[in-house]
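Within every chain, numbering begins at 1; the chains are lettered A, B, ... in the order of the sequence lines, protein sequences first and strands thereafter.
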Amino acid sequence: MNNIKVRFAPSPTGPLHIGGARSALFNYLYAQNRQGSMVLRIEDTDLERSAAEYEQEIIDSLTWLGIRWQEGIDVGGGNGPYRQTERLDNYNGYVEKLIREGHAYHCFCTEEELEEERRLLMEKGQIVKYMGKCRELSEVERNAKREQGLVPTVRFKVEQNKTIVVNDLVRGKVVFNSDEIGDFIIVKSDGIPTYNFAVVLDDHDMNITHVIRAEEHLSNTPRQLMIYEALGFDVPEFAHISLILGSDRQKMSKRHGATSVVQYREKGYLPEAVFNFLALMGWSPEGEEEILSHDEIVRQFSLDRVAKNPAVFDLDKLNWLNAQYIKKQSIDNLGEMLQVFLQKSPHWDAVRTLDDVSFSVLIEALHDRLVCLSDVVEEIEPFFAFPVYDGEALEMLAQEETRQMLAAFLEHLPDQLDLDLARSFMKGFPKSVQLPGKKVYMPLRIALTGKRQGPELPFLFTVMGPKEVRRRIGGVRGKE
RNA sequence: GGCCCCAUGGUCAAGCGGUUAAGACACCGCCCUUUCACGGCGGUAACUGGGGUUCGAAUCCCCAUGGGGUCACCA
């Protein structure tokens, strides 16, 4: 055990996003690979948008994915509390220190004033930033403002013309100049610290050694670095991983379809598949094998192999991976996993009354056909839905040849069927009626299901049982 | 718009000065299968452009172009 410590620090303003999950995953993988630990911290300083229910949902999503942490909101640890709104007392000392040492000051500018300033700068084509109106306010002036009822924010005083270098583990040196950055707010007028401030304090107080987060935070990093310096903190390592984009190369958002982890969970994606898939978004293993177990990914993970370019979310590939993971499941296991989806089927009553053997056969028939678990609802249709015949189907069934074949079939069909029996029977039947397979299989399939495609006939027979098979074929023959 | 990041097939990506420029998904074809799917085999398809550096550049540098991010009392 070394002292490597990472954190995932979501704000509970919505369900866990695919991109957030990927950030969490990379943190987790890095920590696991290096025998370090991980912290889950909730950044809920946006009182407006944060909601308690999302906190639990995020925890559930991470847990579902198989991501674990050693310290955090739900498991505790020696650096708590892990919810920023519960850490307010921790921040005060730092604010006072910054003000005392001239690194920060109270600002009484109103929203309207700030907006006006921005508008003016925009018009003049200058850099839009806070110009430091309240920077040199005297104590007398400040008291006057307070008496007017103005509640101040606290701004960090940005030293001008300083070069700030972010040493990024995936991007290398990234250079910024402080002139582009205006004095920024570190404590809001409601007394709550802003993200850029709280994140530094918490990462420091929690002994975070590696900050692995999405690239959208890269431009914020110089601000944070200035705070680290003003407070005399050691700076952690940074790694900014690029974003996940939608198919139109824009940042993933709701209009790109399912973007939250729960949505994939509900659709019936396996956590192992999503885990594997997310790992492959921006990271690549050394070998050619891309289907990798949790342990294998942990073993191989390294920030050196994290790509710098953004990645378009590839649903096709996720689908393929998920199908692969489904195929790996044993029949029993798959049957178990399918229960909750099966219950949503209109044929649930029929499914639940199946005996164990027939149920296994049903699952075996579906095993290689499912992309995600929810597909099962559609895939079991041929087994249970009463056939509906279209014109083409009726035409085939009306042929004399077909009618005779079906009559013969009914005669030969055993009264007891298991999968092996059904297979051998189907293999031998065409010969026994001296017909080519072509004249037998497709008409039978159509008679039974009304469809030209679907599971193999022996599966159909076995799950339906001889009685139901007779009933359906009898029904067809009744149609004159 | 300023600043920052990025740039290899449709997508994910390997490559880190000398390769016939991997592999995966998707797509197409063939095979297996008297259905569809699964599976097997094969195929189409890429270094954004222009300048340098170098004996030699997908790899290094510069510019252009394109895409993305960020400039909040959001994180």
Item to complete: Scan A:P222 against the nucleic acid and name what it touches under 4.0 Å (heavy atoms): base, sugar-phosphate only, or nothing.
Response: nothing
Worksheet item: Looking across every strand, which nucleic acid part, if any, lies under 4.0 Å from A:E123 by heavy atom: base, sugar-phosphate, or nothing?
Response: nothing
Worksheet item: Any cation-pi pair here, A:K267 with A:Y264, using under 6.0 Å and within 45°?
Response: no
Response to the item:
note: A:D316, atom CG; B:rG10, atom P; distance rounded to Å ~ 15 Å
Item to complete: Step by step, work out the side chain to side chain donor-acceptor pair (under 3.5 Å) result for A:H210 and A:N27.
Response: CA-CA 9 Å; A:H210 296 255; A:N27 274 287; over 6 Å; no
Fill in: Donor-acceptor contact below 3.5 Å, side chain A:N309 vs main chain A:S242
no
Worksheet item: Between B:rC73, B:rC12, B:rU34, which nucleotide gets closest to the side-chain atoms of A:A311?
Response: B:rC12
Item to complete: Determine the contact category for A:R249: base if any of its heavy atoms lies under 4.0 Å from a base atom, sugar-phosphate if only primed atoms, P, OP1 or OP2 are that close, otherwise nothing.
Response: sugar-phosphate
Discussion item. Give the residues of residues 367-379 of chain A touching RNA chain B, defined as any heavy atom closer than 4.0 Å, sorted by residue number.
Written reply: A:D368, A:R369
Worksheet item: Looking for any heavy atom pair under 4.0 Å, which part of the strands does A:R49 touch: base, sugar-phosphate only, or nothing?
Response: base
Worksheet item: Can you list, by residue number, the residues of residues 274-290 of chain A that have a non-hydrogen atom closer than 4.0 angstrom to RNA chain B?
Response: A:L280, A:M281, A:G282, A:S284, A:E288, A:E290
Worksheet item: For the side chain of A:T449 and the backbone of A:I446, is there at least one donor-acceptor N/O pair under 3.5 Å apart?
Response: no
Item to complete: For A:S11, answer base if it contacts any base atom (sugar-phosphate contacts may also be present), sugar-phosphate if it contacts only those atoms, and nothing otherwise; contact means non-hydrogen atoms under 4.0 Å.
Response: sugar-phosphate
Response to the item:
When rounded to the nearest 0.5 Å, the distance separating CG of A:N92 from OH of A:Y94 is 11.5 Å
Worksheet item: Within the structure shown, what part of the strands sits under 4.0 Å from A:K308 by heavy-atom distance: base, sugar-phosphate, or nothing?
Response: sugar-phosphate
Worksheet item: Do A:R223 and A:F156 meet the cation-pi criteria used here (NZ or CZ under 6.0 Å from the six-membered ring centre, within 45° of the axis)?
Response: no
Worksheet item: So, does the side chain of A:T153 form a donor-acceptor pair with the base of B:rC73 at under 3.5 Å?
Response: no
Worksheet item: Is a donor-acceptor contact shorter than 3.5 angstrom present between the side chain of A:D314 and the base of B:rA26?
Response: no
Discussion item. By the 4.0 Å heavy-atom rule, please label A:T45 as base, sugar-phosphate, or nothing.
Written reply: sugar-phosphate
Fill in: Evaluation steps, side chain to side chain donor-acceptor pair (under 3.5 Å), between A:T110 and A:E113
CA-CA 5 Å; A:T110 62; A:E113 286 174 290; 3.2 Å; yes
Fill in: For the student: nearest non-hydrogen atoms of A:L278 and A:F26, plus distance
O-CE1, 3.8 Å
Practice prompt. Name the nucleic acid region contacted by A:N220, choosing base, sugar-phosphate or nothing; use a 4.0 angstrom heavy-atom cut-off, strictly under.
Written response: base
Worksheet item: A:K251 near the nucleic acid: base, sugar-phosphate alone, or nothing, with a heavy-atom cut-off under 4.0 Å?
Response: sugar-phosphate
Worksheet entry | A:N309 side-chain N/O to B:rA13 phosphate OP1/OP2 under 4.0 Å | yes
Worksheet item: Below 4.0 angstrom from OP1 or OP2 of B:rA72, is there any side-chain N or O of A:T194?
Response: no
